[in-house]
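So that the names make sense, note that chain A is the first sequence line, chain B the second, and so on, each numbered from 1.
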2 protein chains.
Amino acid sequence: MASLDRSLIAGLSIFEGIGSGDLDRIVGQARSIRIAKDQPVFEQEQEAHSFFLLLDGHVRVIKSTPDGHEVTVRYISPGELMGIASALGRTTYPANAIAAVDCVVLAWPSQLWATLATNFPSLSANTYKAVGTRLQDAHTRVIEMSTEQVEQRVAHALLKLIKQSGKKTEDGILIDFPISRQDVAEMTGTTLHTVSRLLSAWEDQGLVKSGRQRVVVVEPHRLLVIAEGRAAKS
Amino acid sequence: MASLDRSLIAGLSIFEGIGSGDLDRIVGQARSIRIAKDQPVFEQEQEAHSFFLLLDGHVRVIKSTPDGHEVTVRYISPGELMGIASALGRTTYPANAIAAVDCVVLAWPSQLWATLATNFPSLSANTYKAVGTRLQDAHTRVIEMSTEQVEQRVAHALLKLIKQSGKKTEDGILIDFPISRQDVAEMTGTTLHTVSRLLSAWEDQGLVKSGRQRVVVVEPHRLLVIAEGRAAKS
DNA sequence: TCGCTTGTTTGCGCTGTGGCAAATTTCATC
DNA sequence: GATGAAATTTGCCACAGCGCAAACAAGCGA
């Protein structure tokens with residue numbers, strides 16, 4: 001399979017600045033795995049035996065709280081690394097990662113990170129740059145949760161999703177994996193009821209079209225207005 | 001000054017596994033800077049010319065939103081790195097860092113990171129481990145904001161503060177830098193009014209003692225009960 | 001010592017959201 | 001096409017916590 005995906009893989013930002021020979025040497029040490037929808041890629045607290053690169057599909061990263069709440073930390077799109085506990089000096093995964101659709105991933109044994117990082121400094125630099133972005137994102141998330149109302153947070157969440165995994169359709173931009181009201185609620189710290197009410201209202205205003213596990217954003221620009229908190233109260 | 005602080009510095013977790021000769025070589029390239037209370041260590045969006053190690057004092061890291069809200073990202077205690085944008089492939093600081101009290105920091109030029117990291121792998125590993133912890137903390141924060149009520153969040157914030165910067169007194173554990181109700185509000189995503197009400201209530205119950213820019217936790221254990229959400233409604 | 005500034009407390013009313021429950025739709029399976 | 005499970009919608013109510021405003025300390029400088 002390696003040969004088939006090579007051109008795709010070579011274009012990923014993680015491998016920027018890495019020669020094609022080196023790339024082969026890196027990818028050659030990974031095994032390719034298929035993960036069926038709703039199956040875990042890795043699980044919270046579990047020993048971090050591998051780290052992964054998502055080649056195809058979408059993965060949801062979730063943390064569960066002791067009292068039974070679930071919070072979606074982020075969604076992973078093709079080309080992103082996940083489970084890189086080893087690069088951050090951890091021995092267990094900090095969260096659950098679950099395939100939102102059928103996925104294909106590359107998996108490297110965790111102990112390989114150290115040698116890969118020293119042999120391929122660009123790989124290391126690119127990885128830590130991605131970590132920096134993630135840290136930023138997490139802080140942005142904290143800020144949103146601290147200062148915005150539910151309506152703005154949900155709007156922001158949808159905008160993020162279409163930017164990351166949007167697919168053009170004739171109706172608008174579709175989030176191209178199944179996503180329920182409950183899922184959106186877990187991303188934004190609210191309830192599925194409130195999300196449902198919001199989506200209904202937005203649908204009435206022609207902002208979005210949505211159905212069972214399906215959201216299409218018709219007017220991203222107007223959604224952005226809501227996200228920024230400059231919405232005209234109807 | 002370097003000689004005076006050497007034993008202190010050698011014990012920091014960032015320098016774990018680094019020989020004393022190497023340590024000198026690393027620290028020798030930093031300059032020591034005093035920063036007066038309320039003065040910035042670095043500022044959001046500003047070119048990241050240096051990265052820092054806090055030797056003494058306490059620093060507040062803040063992000064400002066376009067609409068004038070301020071959110072406290074975290075507090076930094078002695079021994080922690082800050083402003084390590086360069087290690088994460090960024091060229092500007094992502095937030096404001098302000099001295100909560102008079103501080104002493106070591107500062108290295110950002111461009112030095114690359115050579116330090118390659119010459120001293122332990123330094124690099126320790127740093128990224130700290131980054132990993134920070135990422136964890138940020139996610140924990142998101143989860144708290146998503147699932148907990150204000151009362152629990154404030155309780156958690158106080159517990160974090162006393163763990164990080166607590167100082168034993170005869171009354172209880174004092175947060176040993178000036179912290180206002182407003183500051184706590186900015187850590188927990190609420191208003192100074194609500195924080196004030198909570199502290200008043202807790203003071204009545206003998207849980208804390210507080211005054212102007214000052215909080216002493218008298219009964220950490222009972223505060224933890226509140227933080228966990230297992231509090232008996234009075 | 002007397003202001004003056006800055007931080008804190010507290011009352012009151014309002015509202016955004018959560019909680020609950022029931023009805024309804026959609027999809028998958030037999 | 002019938003049956004059932006899962007997702008969604010919606011109405012109603014309750015209340016946590018915010019906003020506003022006014023009164024109160026507590027330091028600090030002159």
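- Between the side chain of A:R74 and the main chain of A:A138, no donor-acceptor pair closer than 3.5 Å is present.
- Using modelled atom types, no side-chain atom of B:R90 and backbone atom of B:A48 make a donor-acceptor pair closer than 3.5 Å.
- Per the geometry, CE belonging to A:M145 stands 14 Å off C1' belonging to C:dG16, to the nearest Å.
- The distance from atom CD of A:Q149 to atom C1' of C:dC14 is 13 Å, rounded to the nearest whole Å.
- For the residue pair A:T140/A:D137, the side-chain donor-acceptor check at 3.5 Å is not satisfied.
- Note on A:Q182: every side-chain N or O is 4.0 Å or more away from OP1 and OP2 of D:dA7.
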Below 3.5 Å is the cut-off: list the nitrogen or oxygen pairs between protein and nucleotides 27-30 of chain C, distance only.
none

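- Residue B:S196 places none of its side-chain N or O atoms closer than 4.0 Å to OP1 or OP2 of C:dT10.
- Taking 4.0 Å as the cut-off between side-chain N and carboxylate O, B:E80 and B:R134 do not count as a salt-bridged pair.
- Atom CD of A:E148 is separated from atom P of C:dT17 by 11 Å (rounded to the nearest Å).
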Exercise for review: Going 5' to 3' through nucleotides 18-23 of chain C, assign each nucleotide B (protein heavy atom under 4.0 Å from a base atom), S (under 4.0 Å only from sugar-phosphate atoms) or - (no protein heavy atom that close).
Suggested key: SBBB--

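- Judged purely by atom type and a 3.5 angstrom limit, A:R141 has no side-chain atom pairing as donor or acceptor with the backbone of B:V142.
- Atoms CG (B:D38) and P (D:dC28) sit 13 Å apart, rounded to a whole Å.
- The separation between A:K209 atom NZ and D:dT8 atom P is 18 Å, rounded to whole Å.
- Legend: residues meeting side-chain hydrogen bond (donor to acceptor under 3.5 Å, both in side chains) with A:T65, ordered by chain and number and at least two apart, are A:D67.
- One atom, CD of B:E203, and another, P of C:dT9, lie 8 Å apart when rounded to the nearest Å.
- Within the structure, every pair that satisfies the ring pair (Phe, Tyr, Trp, His ring centres under 6.0 Å) test and touches residues 157-186 of chain A, not counting sequence neighbours, is listed here: A:H58-A:F177, A:Y75-A:F177.
- Summarising the geometry, the separation between CZ on B:R214 and P on C:dT9 is reported as 13 Å, rounded to the nearest angstrom.
- For A:R181 and D:dA7, the shortest distance from a side-chain N or O to OP1 or OP2 is not below 4.0 Å.
- Side-chain atoms of A:R181 do not come within 3.5 Å of backbone N or O of A:S196 as any donor-acceptor pair.
- The C1' atoms of five pairs define one axis at each end of the helix from C:dT1-D:dA30 to C:dC30-D:dG1, and these two axes lie 40° apart (to 10°).
- Using a 4.0 Å cut-off between a side-chain N of Lys or Arg and a carboxylate O of Asp or Glu, B:K160 and B:E144 qualify as a salt bridge.
- Distance alone, capped at 3.5 Å, is enough to place a donor-acceptor pair between the B:E203 side chain and the B:S210 backbone.
- When rounded to the nearest whole Å, the span between NZ of B:K37 and C1' of D:dG27 equals 12 Å.
- B:D171 meets the side chain to side chain contact (heavy atoms under 4.5 Å, CB included) test with B:T169, B:K209, B:V216; sequence neighbours excluded.
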